[in-house]
Amino acid sequence: MDFPALIFLSSLVSAEVLAQRTFLWQEVGSSSCVRCCGDSEKPVLNPTKSRVKQYILYPAPKFQPQIDMTILKGEKGEYGGAGQTGISGKDGEPGPHGLSGEKGQKGQRGPSGNSCKNQYAAFSVARRKSLHSTEYFQPVIFDTVFVNLYEHFNMFSGIFYCYIPGIYFFNLNVHTWNLKETYLHIMKNSQEVAILYAQPSDRSIMQSQSIMLDLQDKDEVWVRMYKRERENAIYNDDTDVYIIFNGHLIRPATE
């Protein structure tokens with residue numbers, strides 16, 4: 001095949017392959033037609049005057065879009081109101097124990113504390129002789145000591161003196177006399193705070209009275225007989241002990 005035929009065929013192939021692309025026409029040579037012949041025919045060639053159309057591929061220009069964000073972005077709006085609090089979720093499972101931290105530095109020495117001092121007060125005294133009231137008011141004097149811690153109970157006056165303010169417990173036990181009245185007061189200073197009483201009876205009995213008192217420094221606690229129209233008495237013999245007066249500190253005020 002001669003040269004013009006080859007150019008024409010190559011142009012057809014290029015056109016089919018590049019049909020989906022951008023291309024332009026360009027004429028090559030003369031504008032006269034070229035006749036394609038078979039192998040048995042010899043075409044008349046005139047290359048100087050022949051003219052062939054050819055597909056020439058030109059790449060399409062690429063366009064990269066650019067958007068100016070300052071044009072599309074609006075102004076910042078105001079903060080919206082706070083929404084409602086949501087429902088609390090379920091408590092999670094406890095996490096694993098963390099690692100032990102480093103030992104801290106030794107702290108500063110604290111101020112000196114008060115010296116440790118235990119405070120006690122207690123007494124237990126008795127009377128081994130019977131007693132008849134001869135006066136309207138008559139203190140009961142005791143003659144036997146079981147316990148008298150720090151000598152706070154005065155055996156001569158029959159009075160317990162408070163040297164440690166706090167809460168105290170007191171107890172009085174007596175034995176009545178047949179057919180005689182028994183009337184006694186537990187006194188705090190000059191005021192009666194408890195009464196022990198028994199009516200006259202043909203049988204003697206044991207009577208008891210207890211009380212708790214909040215005492216201040218130098219308060220006094222003692223037992224007093226109270227005589228009315230009837231004879232007042234308490235009984236005791238030489239062998240047994242029936243008349244007993246007890247007291248002890250339960251809690252000091254400074255604790």
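These numbers come from the heavy atoms of this one structure, side chains and all, not from hydrogens, waters or symmetry mates.
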Review point. Can Q119 and T254 be said to form a side-chain hydrogen bond (donor to acceptor under 3.5 Å, both in side chains), step by step?
Key: CA-CA 10 Å; Q119 297 177 315; T254 58; 3.2 Å; yes
Practice item. List the steps, then state whether ring-ring contact (aromatic ring centres under 6.0 Å, His included) holds for H248 with F169. Key: CA-CA 6 Å; H248 67 274; F169 174 83; 5.6 Å; yes
Check your understanding: Which is it for N178 and S201 under the side-chain hydrogen bond (donor to acceptor under 3.5 Å, both in side chains) test, yes or no, and what are the steps along the way?
Key -> CA-CA 6 Å; N178 295 351; S201 174; over 6 Å; no
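Looking at C162 and Y168, their side chains come closer than 4.5 Å, going by heavy atoms from C-beta outward. Within the 4.5 Å cutoff, the side chain of H132 has no heavy atoms near those of the N232 side chain. Taking the side chain as every heavy atom from C-beta outward, L215 and K188 approach each other to under 4.5 Å. A heavy-atom distance below 4.5 Å is found between the side chains of R228 and Y183. Between L213 and V221, the closest side-chain pair of non-hydrogen atoms falls below 4.5 Å. Between S130 and Y235 the shortest side-chain heavy-atom distance falls below 4.5 Å. With contacts defined as side-chain heavy-atom distances shorter than 4.5 Å, the pair T144/V241 does not qualify. Considering only heavy atoms from C-beta on, R230 comes within 4.5 Å of P200 through its side chain.
The OH atom of Y242 sits 8.0 Å away from the OG atom of S204 when rounded to the nearest 0.5 Å. Note that OG of S133 is 9.0 Å distant from CD of E181, once rounded to the nearest 0.5 Å. Here Q216 contributes atom CD and I164 contributes atom CD1; the two are 13.0 Å apart, rounded to the nearest 0.5 Å.
Of the possible donor and acceptor atoms, none in the side chain of N173 sits under 3.5 Å from a partner among the backbone N and O of S208. A distance-only check finds no donor-acceptor pair linking the side chain of S124 to the backbone of N246 [under 3.5 Å]. For the pair N154 (side chain) and F156 (backbone), a donor-acceptor distance under 3.5 Å is present. At distances below 3.5 Å, at least one donor-acceptor pair connects side-chain atoms of T176 with backbone N or O atoms of I205. No donor-acceptor pair closer than 3.5 Å links the side chain of D214 to the backbone N or O of I167. Side-chain atoms of Q209 come within 3.5 Å of backbone N or O of I195 as a donor-acceptor pair.
Grouping the Ile, Leu, Val, Met, Phe, Trp and Tyr side chains by contacts below 4.5 angstrom, directly or via other members, places L172 with M155. Both F245 and V193 belong to a single network of hydrophobic side chains, linked directly or stepwise wherever heavy atoms of I, L, V, M, F, W or Y lie under 4.5 Å apart. Taking hydrophobic clusters as Ile, Leu, Val, Met, Phe, Trp and Tyr residues chained together by side-chain heavy-atom distances below 4.5 Å, M187 does not share a cluster with L131. I211 and F153 fall within the same hydrophobic cluster, defined by Ile, Leu, Val, Met, Phe, Trp and Tyr side-chain heavy atoms under 4.5 Å apart, directly or through other members. A single hydrophobic cluster is seen to contain both V223 and L196, as judged by linkage of ILVMFWY side chains at heavy-atom distances under 4.5 Å, directly or through other members.
Ion pairing between a basic and an acidic side chain is recognised when a charged N comes within 4.0 Å of a carboxylate O; K227 and E135 show no such pairing. Using a cut-off of 4.0 Å between Lys/Arg side-chain N and Asp/Glu carboxylate O, R224 and E192 are scored as salt-bridged.
Side-chain atoms of Q207 and Y197 include no donor-acceptor pair closer than 3.5 Å. Side-chain N/O atoms of T182 and Q199 include no donor and acceptor closer than 3.5 Å.
Heavy-atom neighbours of D238 CG from other residues, nucleotides or ligands within 6.0 Å: at or below the threshold of 12.
Note on ring orientation: taking the six-membered ring where Trp is involved, the planes of H185 and Y226 are parallel (angle under 30°, cut-offs 30° and 60°).
In this structure, F160 has its ring center under 6.0 Å from that of F123.
The one candidate from R128, K129, H175, R127 that meets the side-chain contact (heavy atoms from CB on, under 4.5 Å) condition with I243 is R127.
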